[in-house]
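For reference, the structure is listed below as C-alpha cells.
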Amino acid sequence: MKKNLLPLLLVLILTACNQTPKDNREKLDNTDTITTAFKPANIKEEILYQRGIEAAIWGMPAVNYQLMYDALAKINGKDNQVVIWPKLLDWKNQTLTPNPDVIYLMPFFNTEKVGPVVLEIPPADNGVFNGSIMTYWQNALEDVGPGGVDKGKGGKYLFLPPGYDKNKIPAGYIPLQSDTFRGYALLRSVLKSGSAADVATAVAYSKRIKMYPLSEASKNPATVFVDASDKVYESNIPFDFSFYETLNKIVQFEPWLDRDRAMIDPLKTIGIERNKPFSPDSRTKEILAQSVKTARKWLEYNYEAIPPFFKDTHWFFPANEDNIRSVKSTYSITEIYPIDNRAVCYMIAFLVLNILVNLSII
C-alpha cells in the first residue's frame with residue numbers, strides 16, 4: 001500500500017494539470033470580450049471595478065473554503081463535524097477535482113468558541129489516510145498518515161486558535177498553531193481495490209477518526225459524521241456577484257491577518273467592511289459582476305501561460321516556486337506574496353500537502 005501512496009498523492013493533489021494546446025492559449029490571449037463589455041462612467045466606478053478584480057484574486061482560496069463549508073451547512077452540517085462520502089463519488093459531489101477512487105472525509109474546525117479542537121487519526125493498520133490539515137486560507141499545517149507527522153502510527157492532532165498559550169497543551173498531542181479560528185482537513189481513505197468489500201473496509205477505517213474540543217477530551221465525546229453521498233454538494237466557484245457575498249462572510253468571521261491588512265481599504269471601497277453589512281446598490285453589483293469575470297480571465301491567462309514540464313507537452317505543475325515557498329513558510333517570507341499564482345491553484349482545485357511542498361522544492 002505504501003508503494004502506491006506517493007503516486008496517488010501526485011495524481012490527486014495540486015501536482016500536474018493538462019493544459020489546452022498552444023493555439024487555444026493564443027486565442028485566449030487575443031480575446032477581450034470581458035473588458036469591452038464594461039465601461040465605467042467615472043473614476044469612482046473605475047476604481048471600484050479594479051479593486052473588485054484584486055479582491056477576487058486575493059480572496060480565491062478563502063472563498064473556495066467558504067463555499068465548501070456552506071455546502072456542508074446546506075445539508076445540516078455544523079462546525080466541528082465531519083462530512084463523509086461513504087460511497088465512491090458521483091456527479092453529486094461538486095467540489096473541485098474530486099476523484100471516484102477513494103473515500104473522502106472533510107472535518108471542519110472552528111476554535112473560536114470551544115478552544116483547541118482534536119482530530120484523532122488512527123494508525124495505518126487495516127487502512128491508510130493521505131491528506132492534510134489546513135487553515136481556511138488552505139495553508140497546510142501538517143499532513144497526516146504515513147506521509148504525515150504521525151508516520152502511520154496515528155496521533156492526536158490539535159488545531160489551536162490564534163494566540164493560544166502552548167503551555168496549556170497536555171502531553172501526547174501534535175500541536176498545530178493556526179493563525180485563523182477556522183480550518184479543515186481533507187482526508188482520503190485509500191482503497192485496495194474498488195470491490196464492495198474493500199470500499200466497506202475503507203469506510204470502516206474512515207469512521208475510526210475522532211474530532212472533538214480538547215475541553216471535552218475526558219468525556220469521550222462522539223464524533224458527528226454528516227453523510228453527503230446522496231446529496232448534491234455544490235461548492236463550485238461562481239464567477240458572479242455572489243462571489244463577493246461569500247468573500248464578505250470571510251471578512252466578518254475572521255480577524256485580519258497582518259499580511260492582509262493592505263486589503264482593508266480596497267475591500268471597503270467595494271462595500272466589504274468588518275462588522276458592517278454588505279449591501280451594495282444595483283450599479284455596484286453590476287460592476288462587481290464584471291470585476292470577477294475579469295479576474296477569472298486573468299487567472300485563466302496565467303493558467304495557460306504556465307510552462308509545461310517538457311517541450312511540446314501539456315502537463316505542468318500549477319504552483320510556482322514562490323507559492324510553494326510561501327505555503328511552506330506560512331507566508332512569512334516578506335519579499336513574496338504570490339496571490340496571483342495562489343488564486344490560479346485554488347480556482348482549479350483545493351488542498352495542499354506539506355509533503356508535496358517538500359517534494360516540489362527538491
Side-chain angles (χ1 to χ4, degrees), residues 1-18 67-69 71-78 80-108 119-134 143-148 150-157 184-212 220-236 349-351 353 355-356:
M1 185 175 295
K2 290 184 180 179
K3 291 181 179 179
N4 293 329
L5 181 59
L6 184 56
L8 183 63
L9 290 177
L10 297 178
V11 170
L12 295 181
I13 316 299
L14 290 173
T15 55
C17 297
N18 193 3
L67 290 167
M68 291 188 290
Y69 179 83
L72 170 66
K74 288 176 182 176
I75 58 173
N76 300 317
K78 299 177 182 179
N80 302 318
Q81 295 182 352
V82 182
V83 61
I84 184 172
W85 286 266
K87 301 177 183 178
L88 297 182
L89 298 188
D90 59 18
W91 68 270
K92 292 185 179 71
N93 183 295
Q94 289 294 311
T95 57
L96 299 176
T97 63
N99 297 276
D101 52 7
V102 292
I103 300 299
Y104 278 90
L105 303 91
M106 295 173 69
F108 283 89
L119 179 65
E120 288 192 27
I121 299 296
D125 40 33
N126 64 334
V128 63
F129 284 128
N130 69 60
S132 183
I133 302 172
M134 295 159 285
D143 304 334
V144 304
D150 66 271
K151 306 299 182 185
K153 296 178 181 179
K156 297 179 180 180
Y157 292 81
Y184 79 111
L186 179 64
L187 306 177
R188 300 181 182 88
S189 185
V190 181
L191 302 174
K192 291 182 179 180
S193 77
S195 71
D198 284 341
V199 170
T201 298
V203 171
Y205 180 74
S206 298
K207 291 191 174 181
R208 288 170 58 188
I209 73 165
K210 297 179 181 180
M211 185 168 70
Y212 50 87
N220 193 28
T223 299
V224 178
F225 290 90
V226 181
D227 187 339
S229 56
D230 294 322
K231 301 176 178 69
V232 176
Y233 199 86
E234 175 57 73
S235 66
N236 282 303
F350 62 100
L351 172 73
L353 287 180
I355 187 174
L356 187 63

Here the pair of heavy atoms bringing F129 nearest to S206 is CZ-CA, 3.7 Å

State whether the side chain of T97 and the backbone N or O of A349 hold a donor-acceptor pair below 3.5 Å, judged by distance alone. no

Would you please test N220 and K210 for side-chain contact (heavy atoms from CB on, under 4.5 Å) and show each step? CA-CA 10 Å; N220 193 28; K210 297 179 181 180; 4.1 Å; yes

How many angstroms lie between CG in L105 and OH in Y205, if you round to the nearest 0.5 Å? 10.5 Å

If every non-hydrogen atom of P98 is compared with every non-hydrogen atom of L89, which pair is closest and at what distance? CB-CD1, 3.5 Å

Ignoring hydrogens, what is the shortest heavy-atom contact between G194 and V199? Give both atom names and the distance. O-CG2, 4.0 Å

Please report the shortest heavy-atom distance between P86 and V203, naming the atom on each side. O-CG2, 3.4 Å

Quick one: pull up OH in Y69 and NZ in K78 and give me the separation to the nearest 0.5 Å. 9.0 Å

In Å and rounded to the nearest 0.5 Å, what is the CG to CG distance from N130 to D143? 9.0 Å

Closest non-hydrogen atoms of A202 and S189, given as atom of the first, atom of the second and distance, are O-OG, 2.9 Å

Is it the case that more than 12 heavy atoms not belonging to K92 sit under 6.0 Å from its NZ atom? yes

Does a side-chain heavy-atom distance below 4.5 Å link F225 with I209? yes

Reported CG-to-NZ distance for the pair D230 and K87, which is rounded to 0.5 angstrom: 3.5 Å

Please test I84 against K207 for side-chain contact (heavy atoms from CB on, under 4.5 Å), starting from the C-alpha separation and ending with a verdict. CA-CA 9 Å; I84 184 172; K207 291 191 174 181; 4.1 Å; yes

Any donor and acceptor pair, going by atom type alone, linking the side chain of N93 with main-chain N or O of T95 inside 3.5 Å? yes

Distance from N236 atom CG to M68 atom CE, nearest 0.5 Å? 11.0 Å

About how many Å separate CG of L119 and OH of Y212, when rounded to the nearest 0.5 Å? 9.5 Å

Donor-acceptor contact below 3.5 Å, side chain Y157 vs main chain D150: yes

Counting heavy atoms not belonging to K231, are there more than 12 under 6.0 Å from its NZ? yes

Would you say the side-chain atoms of T223 pair up with the backbone N or O of M211, donor to acceptor, closer than 3.5 Å? yes

Might you work through the side-chain contact (heavy atoms from CB on, under 4.5 Å) test for L191 and L88, ending with a clear yes or no? CA-CA 10 Å; L191 302 174; L88 297 182; 3.5 Å; yes

Against F108, only a single residue in N80, V226, V82, L72 fulfils side-chain contact (heavy atoms from CB on, under 4.5 Å); can you say which? L72

Decide yes or no on side-chain contact (heavy atoms from CB on, under 4.5 Å) for Y104 and R188, but give the supporting numbers first. CA-CA 5 Å; Y104 278 90; R188 300 181 182 88; 3.6 Å; yes

List the atom of S229, the atom of D227, and the distance in Å for their closest heavy-atom pair. OG-OD1, 2.6 Å

